[in-house]
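Notes for the one structure printed next.
This chain uses plain numbering: 1 for the first residue, then up along the sequence.
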Amino acid sequence: YLSVPGVRREAVQCEFRDDAVDFAAEGLPDGTRRVLALRRLYDHIHPPGCSCKVLESKGKVVLALAKPPRSTTFDAVKDWRTLTLACGAERIDVADPFASHQ
């Protein structure tokens, strides 16, 4: 989720593409504009299955990325360890929910 205090549903724009995500929130109470641009995602996403949910009362926006449908039941499920293919300081790591159980 993205923390965006004072966010309003009508002031949010989300665009999902095969390998990128663009988010913008305008007209925030502090007069700022918040932007998130994710390029070169770790793998392709399925834009029709993605969603952008604005939780005005909590000041949050939830971006849900959908993986493309598998063509066969034997297609391997790919784990995403990062959001993008960037390296170094640009890399956004994804928490491993199973790390504490190993």
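- One finds the NZ atom of K60 at 12.0 Å from the NZ atom of K53 (value rounded to the nearest 0.5 Å).
- The main-chain N or O of A20 is never found under 3.5 Å from a side-chain atom of R39 such that the two would form a donor-acceptor pair.
- Using a 4.5 Å heavy-atom cutoff, the side chains of V61 and L55 are not in contact.
- Within a 6.0 Å radius of NE2 in H44, no more than 12 heavy atoms belonging to other residues, nucleotides or ligands are found.
- A chain of hydrophobic side-chain contacts below 4.5 Å, direct or via other Ile, Leu, Val, Met, Phe, Trp or Tyr residues, connects L36 to V4.
- Residue K67 places its NZ atom among more than 12 non-hydrogen atoms of other residues, nucleotides or ligands, all under 6.0 Å distant.
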Practice problem: Begin with the C-alpha distance, continue with both residues' side-chain angles, and end with the deciding distance and a verdict on salt bridge (charged side-chain N to carboxylate O under 4.0 Å, His left out) for E56 and R9. | Solution: CA-CA 7 Å; E56 291 182 8; R9 193 169 283 111; 3.6 Å; yes
Exercise. Determine, step by step, whether V21 and C14 satisfy the side chain to side chain contact (heavy atoms under 4.5 Å, CB included) criterion, reporting the C-alpha distance in whole Å, the side-chain angles of both residues, the deciding distance to 0.1 Å, and the verdict.
Key: CA-CA 7 Å; V21 175; C14 287; over 6 Å; no
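- Minimum interatomic distance between R33 and A24 (heavy atoms only, all atoms of both residues): NH2-CB, 3.8 Å.
- In this structure, Y1 OH and K58 NZ are separated by 10.0 Å, a value rounded to the nearest 0.5 Å.
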Quiz item: Would L2 and F23 satisfy side chain to side chain contact (heavy atoms under 4.5 Å, CB included), going step by step from the backbone distance to the final call?
Solution: CA-CA 10 Å; L2 305 171; F23 165 83; 3.7 Å; yes
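- The shortest heavy-atom contact between C50 and A66 is SG-N, 3.3 Å.
- Residues V62 and L65 fall into different hydrophobic clusters, defined by Ile, Leu, Val, Met, Phe, Trp and Tyr side chains chained together at heavy-atom separations under 4.5 Å.
- The CG atom of L28 sits 6.0 Å away from the CZ atom of R34 when rounded to the nearest 0.5 Å.
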Quiz prompt | Worked check of side chain to side chain contact (heavy atoms under 4.5 Å, CB included) between F16 and L63 | solution = CA-CA 10 Å; F16 300 99; L63 300 178; 4.3 Å; yes
